[in-house]
Each structure stands twice: as C-alpha cells, then as structure tokens.
Amino acid sequence: MTEKTIPLLPCRTELIQSVVDFYTALGFETTHLQKSPYAYAVVERGAVELQLYGMKDYDPATSHSSCYVLTEDVDGLHAAFRSGLKAAYGRIPTRGLPRIGPLKDMSYGVRQFLTTDPTGNTIRVGQVISGEGEEEPATAPKETFARALHMADLFADSKQDYPGAAKIIDRVLKLEDEQPTPVQRVRLLVLRGDIAQRLGDEEGARGWLEEAASAQLSAEERETAHDALARLSDLRG
C-alpha cells in the first residue's frame, strides 16, 4: 500500500488568486480552483501537491504555516523557482510577501531554501547532503563562528526571530580573542545584512553588505562562499 501526505495550508480568502498565481510561477499546475461558496485550490508540481483553503480573517503577517519538500535536485528547483518568479513579477522577490530565500548548506546535513507565498505559507525545499558513510544528520557545530552561523540561521529562518539572530552575529563579530575565517566572516556579514534588510534597517544593511563585498577571498575561498556571495549579489541588486 502506498500512502501520500498532502499539506493543507490556510490562505486569506481574497488572496486565493494571487496565491495560485504564485505557485503557477513556481511551475505548479492548478488542478482545482473555486472561489465560492468558499475559497479552495489545489496545485501540483510532479509528486508535490498542496491544497489551500480560504480563511476570511487570516493574517499573512503572523502565519507560521509551512511544509517541507525533499528533493534530489535542490539547486535545480531553486534556479527554476527564481526564474519563474522573475518572469512573473519582473524581479526576484527576496523580502516581504511573497519571497524566496537563498540556498544554504545547513549544519544539520541539509542543503535548503525557503520560499513564502503571498499569504505567508513557507515551503522549505531541501536535499540531504550527508557525507560518505554518514547516515545521521550533522549535529550543531561547537566551533564559535560555525555555531553562531548555525544558530543565527535557525533564529532567522526557522523561528523568524530576526532580532535574536542579529544579536548572535553582533556578539561574535565583536570578539577580540577569536577571529572567524575569511569565509565565515563573509557568511556572517551577508546574513547580518540580510537580517537588517528584513528589519527595515536599510542603512545598517548597506554597511554590512559593503563590508562583505570588500572582503579579499582567494579563488578557493570564493568557491566555498559561493552561496553567500550569490545572496550578497541579490541583496545589493
């Protein structure tokens, strides 16, 4: 017997069409859409199916609804989603609603990105990146700056606690007895600039991002920091 899980996600009633349009931009097909007697939609992309139901007083700004999609090609999906959003919106939305986040190798063994629809539902798309012979996800790192990146990512993306994430980064960047590697420093600065933008601190964001852009990295370090540098380009663009 084969089972299938289908997430049911809430949607502000009057936003049902804009939500469907968002998923269309991501390459989903709308297999059902009704606006009365109540709003309900079904979108599908390959084996992934999402069902959305309308709620009259639903507040997208306070939404915590989400689901996780596992894939074997997270880089390909991220590129396809970005391309579709740019075609639909004329730009790649990285803030507000809707938005798509950066690709990141998480310290718990998953390479992932987050995308959030116009009504606040967050779809996490990830791919397991366990190393050779490794069956268990990686634990939280113990090294100071790797742990700070790990915790700040969790606060920013999983908890959406941007002030908390900012405090973690600010604390470690002020350390005098320890210094991050050049790649760690760039990653911390880019994430701090990203968080500042999300908090509406444009001046602060500009400073963090300019500092990241001025970092001198070797070719090997630039390859290692590829995801952070791609995010830096997005945020400065």
Side-chain angles (χ1 to χ4, degrees), residues 7 9-30 33 41 43-45 48 50 52 58-69 71 73-104 106 111-126 152-153 155-162 165-166 187 189-206 208-209 212-213 226-237:
L9 303 173
C11 171
R12 190 172 181 89
T13 300
E14 65 268 26
L15 293 179
I16 190 73
Q17 185 61 60
S18 64
V19 171
V20 166
D21 292 343
F22 171 82
Y23 286 106
T24 297
L26 298 185
F28 284 76
E29 176 187 359
T30 303
L33 175 60
V43 295
E44 298 181 40
R45 192 184 197 279
V48 179
L50 306 174
L52 301 128
Y58 189 72
D59 182 5
T62 60
S63 173
H64 294 281
S65 300
S66 66
C67 69
Y68 205 106
V69 175
T71 179
D73 185 18
V74 70
D75 286 76
L77 277 183
H78 188 250
F81 283 10
R82 282 168 57 91
S83 177
L85 290 172
K86 186 173 183 178
Y89 295 96
R91 61 182 180 85
I92 299 172
T94 59
R95 289 184 288 164
L97 296 174
R99 64 179 179 271
I100 186 169
L103 266 173
K104 295 180 181 179
M106 309 304 292
R111 180 167 174 77
Q112 71 174 23
F113 70 93
L114 280 61
T115 185
T116 304
D117 69 24
T119 200
N121 297 307
T122 295
I123 312 301
R124 298 167 182 265
V125 183
D153 271 328
F155 271 60
D157 293 335
S158 297
K159 297 177 65 176
Q160 296 185 6
D161 180 356
Y162 303 132
R187 286 175 172 166
L189 290 170
V190 171
L191 181 55
R192 186 63 180 86
D194 191 350
I195 291 166
Q197 281 197 3
R198 297 190 213 187
L199 290 170
D201 179 10
E202 297 295 339
E203 182 177 352
R206 205 159 32 245
W208 295 113
L209 298 176
H226 175 270
D227 291 337
L229 295 175
R231 183 59 169 174
L232 175 62
S233 178
D234 279 349
L235 294 170
R236 298 186 80 203

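Everything numeric here is computed off the predicted structure, so don't read it as measured data.
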Asks: Let me confirm one number: the CD1-CG distance from Ile100 to Leu114, rounded to the nearest 0.5 Å.
Replies: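 Taking CD1 in Ile100 and CG in Leu114, the distance rounds to 9.5 Å.
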Asks: Can you list the residues that meet the side chain to side chain contact (heavy atoms under 4.5 Å, CB included) rule with Ala196, with sequence neighbours excluded?
Replies: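 Residues passing side chain to side chain contact (heavy atoms under 4.5 Å, CB included) with Ala196: Arg192, Asp201, Ala205, Trp208.
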Asks: Applying side chain to side chain contact (heavy atoms under 4.5 Å, CB included), can you list everything that pairs with Pro102, at least two apart in sequence or on another chain?
Replies: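 Partners of Pro102 under the side chain to side chain contact (heavy atoms under 4.5 Å, CB included) test: Lys104, Arg231.
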Asks: Taking Arg99 for its side chain and Gly96 for its backbone only, find out whether a donor-acceptor pair lies under 3.5 Å.
Replies: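 The answer is yes, because a donor-acceptor pair under 3.5 Å joins these two groups.
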Asks: Kindly compute the distance separating CG (Asp59) from OG1 (Thr119), expressed to the nearest 0.5 Å.
Replies: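 Here the rounded value is 9.0 Å.
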Asks: Is Ile123 close to Leu26 at the side-chain level, that is, under 4.5 Å between some pair of heavy atoms?
Replies: no
Asks: Please report the shortest heavy-atom distance between Phe22 and Leu85, naming the atom on each side.
Replies: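 That closest heavy-atom pairing would be CE1-CD2, 3.6 Å.
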Asks: Below 4.5 Å, heavy atoms only, C-beta onward: do Asp194 and Arg198 meet side chain to side chain?
Replies: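 Yes, side chains in contact.
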Asks: Under 4.5 Å between any side-chain heavy atoms of Phe81 and Arg45, yes or no?
Replies: yes
Asks: Is it true that a side-chain atom of His78 and a backbone atom of Gly101 form a donor plus acceptor pair closer than 3.5 Å?
Replies: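 Checked: pair present.
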Asks: Check Leu9 against Ser65 and note the closest heavy-atom contact, atom names and distance.
Replies: CD2-CB, 4.4 Å
Asks: Does any non-hydrogen side-chain atom of Ser63 lie less than 4.5 Å from one of Asn121?
Replies: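 Touching, per the 4.5 Å side-chain cut-off.
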Asks: Would you name the heavy atoms of Arg12 and Pro60 that are closest together and state the gap between them?
Replies: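 Smallest interatomic distance, heavy atoms only, reads CD-CD, 4.3 Å.
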Asks: How are the rings of Phe28 and Tyr23 set relative to one another: parallel (under 30°), tilted (30 to 60°) or perpendicular (over 60°)?
Replies: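 Perpendicular.
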Asks: State whether the number of non-hydrogen atoms from other residues, nucleotides or ligands found under 6.0 Å of Glu203 atom CD is greater than 12.
Replies: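 No, CD of Glu203 has 12 or fewer neighbouring heavy atoms, counting only those of other groups under 6.0 Å.
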Asks: Could you state the interatomic distance from OH (Tyr162) to CD1 (Ile195), rounded to the nearest 0.5 Å?
Replies: 9.0 Å
Asks: Which value, rounded to the nearest 0.5 Å, describes the distance between Arg124 atom CZ and Thr116 atom OG1?
Replies: 8.5 Å
Asks: Any salt bridge between Lys86 and Asp234, counting N to O under 4.0 Å?
Replies: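 A salt bridge is absent here (no side-chain N lies under 4.0 Å from a carboxylate O).
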Asks: How close do Val43 and Thr30 get, heavy atom to heavy atom, and via which atoms?
Replies: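 Where Val43 meets Thr30 most closely, the heavy atoms are CG1-OG1, 4.0 Å.
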Asks: Okay, side chain of Gln197, backbone of Leu235: is any donor-acceptor separation there less than 3.5 Å?
Replies: yes
Asks: Mind checking side-chain hydrogen bond (donor to acceptor under 3.5 Å, both in side chains) for Gln17 and listing every partner two or more places apart, or none if nothing turns up?
Replies: Asp21, Lys35
Asks: How long is the straight-line distance from CZ of Arg95 back to CG of Leu199, given to the nearest 0.5 Å?
Replies: 11.0 Å
Asks: What's the shortest heavy-atom distance between Cys67 and Leu50, and which atoms?
Replies: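 Shortest heavy-atom separation between Cys67 and Leu50 comes out as SG-CD2, 3.8 Å.
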Asks: Locate the shortest heavy-atom distance separating Val20 from Ala41; write the atom from each residue and the value.
Replies: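 For Val20 and Ala41, the tightest heavy-atom pair comes out as CG2-CB, 3.7 Å.
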Asks: Would the distance check show the side chain of Arg111 and the main-chain N or O of Val74 forming a donor-acceptor pair, the cut-off being under 3.5 Å?
Replies: no
Asks: Can you tell me how far apart CG (Leu77) and CG (Asp73) are? Round to the nearest 0.5 Å.
Replies: 6.0 Å
Asks: When you measure from the side chain of Ser83 to the backbone of Ala79, do you find a donor-acceptor pair of N or O atoms at a distance under 3.5 Å?
Replies: no
